[in-house]
**Q** 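Handing you a structure now.
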Amino acid sequence: MLGCAKSFSNRMGVHIMKYLDLEAQYLSIQREINEAIFRVIQRGQFILGPEGESLEREIAAFCGVRHAVGLNSGTDALLLALHAHGIKKGDEVITTPFTFIATAETIAQCGAIPRFVDVDEHLNLDPRLVEAAISAETRAIIPVDLYGMPPDMDAINVIAQRHTLVVIEDAAQSIGAEYKGRRAGSLGDVACVSFFPAKNLGAYGDAGMLLTDNKDIADRVRLLRNHGAPRKYFHAMVGFSSRLDELQAAILLAKLPHLVGWNKKRQEIAERYTEGLRTASVVKRIPSVPPDRTCVYQQFTLRVDRRDELIRHLAGHGIPTAVHYPLPLHLQPAFADLGLLEGEYPNAEQASREVLSLPCYPELPLSNVDDIIDRIRSF
Ligand SMILES: *Cc1c(COP(=O)(O)O)cnc(C)c1O
């Protein structure tokens, strides 16, 4: 590989853009990152230590919650949130079928049953459909801040309170987004953040965090992440091995001061796409953001006609795209035992046929954005 971020051309001389450019991001903050990494290696403390503690304090302050617990992935944050609330076999948990598998996979890992509820026009869990899905077994709701924008959380929280359900905000895609002046990660009873490398605040490996104002839950997750051990070789409960390691914590501490600026860049790119594509004939829907919230564009995702043709057309011009997500969770083989059929969640199903994500990351030059707009308009 090359030593610095460069552009590439294929054999036909077509300039190949990147869908995401983590190398360019690294080069922009190389010194801070290298310092952080060597600080940890020299200290020689790699699991549970001062970097993780600082990161927990800083992320808690950033998101506006009292407690943060570093974990080894966003998926484990969901799993441990469910465990800490005692979700078990026979329980039901309401969530959206239009999300990454982790959201529902972790429900099943606890022995509980995911109860899907269809999505609204923003492709977020539709609060108007939640109440009809609640049964005597329902214990929790997991709304997802899809593509970086929270759903109508007040509406979801009101329903949860009425039925004494726990709200677990899947904030894996939304760190920095706001809803009614509050930051994502503080919008339910607990929230799960992912620092997967491709997320807006990405580690150089797996990492995640659980956020909450509830001290009991935070304490329980702190035990669960470390083999149920309040002290060495004493185990109060059966736990997991799920700590956020010191190298990742140090890297994330170095990146955190840049997050707000990076998110602003993503928003600028999204605005430019929105302006440029508003009247493009192939575009059926451009993401819209209600006035009471913001989106941090983990993905910039359109809905389009003739998606496969458009993907090929763009690829031919060196423009990579992605589909989030091509198959809703209720139709995944992994959930075949739920016995759910095509037609059950029509909005999610239609979205899975129409969504198309465009490159959207802070280092993406605006001239590339303009090229992408032109190629879509001329399709
Ligand atoms: C990324 C993601 C997760 C899982 O996070 P990991 O850190 O990759 O385990 C969960 N939910 C959603 C919606 C995600 O996008």
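Read the numbers this way: they start at 1 and go in the same order the structure lists the ligands and their atoms. This one's a predicted model, so the numbers in the text were calculated from it and none came from an experiment.
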**Q** Are there more than 12 heavy atoms of other residues, nucleotides or ligands under 6.0 Å from atom CZ of R31?
**A**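 It does not: R31 CZ has 12 such atoms or fewer within range.
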
**Q** Between H324 and Y147, what is the ring plane arrangement, given parallel below 30°, perpendicular above 60°, and tilted in between?
**A**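 Correct class here is perpendicular.
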
**Q** Show me which atoms of ligand 1 lie under 4.0 Å from any heavy atom of T103.
**A**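 Counting from 1, the qualifying ligand atoms are 11 (N).
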
**Q** Determine whether the side chain, the backbone, both or neither of T75 has a heavy atom under 4.0 Å from any heavy atom of ligand 1.
**A**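 Both of them.
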
**Q** Please work out, at 4.0 Å between heavy atoms, whether the side chain, the backbone, both, or neither of Q298 comes within that distance of ligand 1.
**A**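 Neither; no heavy atom under 4.0 Å.
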
**Q** At what distance is the nearest protein heavy atom to atom 2 (C) of ligand 1, and which residue and atom is it?
**A**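 Minimum-distance protein heavy atom for atom 2 (C) of ligand 1 reads K199 NZ, 2.7 Å.
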
**Q** Is D170 in polar range of ligand 1, meaning some N or O pair under 3.5 Å apart?
**A**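 Indeed, backbone or side chain, D170 has an N or O that close.
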
**Q** Determine the interplanar angle of the Y273 and F300 rings, folded into 0 to 90°, and report it as parallel if under 30°, tilted if 30 to 60°, perpendicular if over 60°.
**A**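 Y273 vs F300 ring planes: parallel.
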
**Q** If you count every heavy atom of other residues, nucleotides or ligands that lies below 6.0 Å from E275 atom CD, does the total exceed 12?
**A**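 Count not over threshold, so no.
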
**Q** For ligand 1, which atoms have a heavy atom of F100 less than 4.0 angstrom away?
**A**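 Contacts of ligand 1 toward F100, numbered from 1: 2 (C), 3 (C), 12 (C), 14 (C).
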
**Q** Is there any N or O on Y325 that sits under 3.5 Å from an N or O of ligand 1?
**A**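 Looking only at distances, the answer is no, because the N/O contact criterion of under 3.5 Å is not met.
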
**Q** Atoms of ligand 1 less than 4.0 Å from Q173 heavy atoms?
**A**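 In order of number, 13 (C), 14 (C), 15 (O).
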
**Q** I'd like to know whether CZ of F38 has more than 12 heavy-atom contacts from other residues, nucleotides or ligands below 6.0 angstrom.
**A**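 No, the 6.0 Å shell around CZ holds no more than 12 heavy atoms from other groups.
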
**Q** For ligand 1, which atoms sit closer than 4.0 Å to a heavy atom of V144?
**A**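 Listed by number with element, the hits are 13 (C).
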
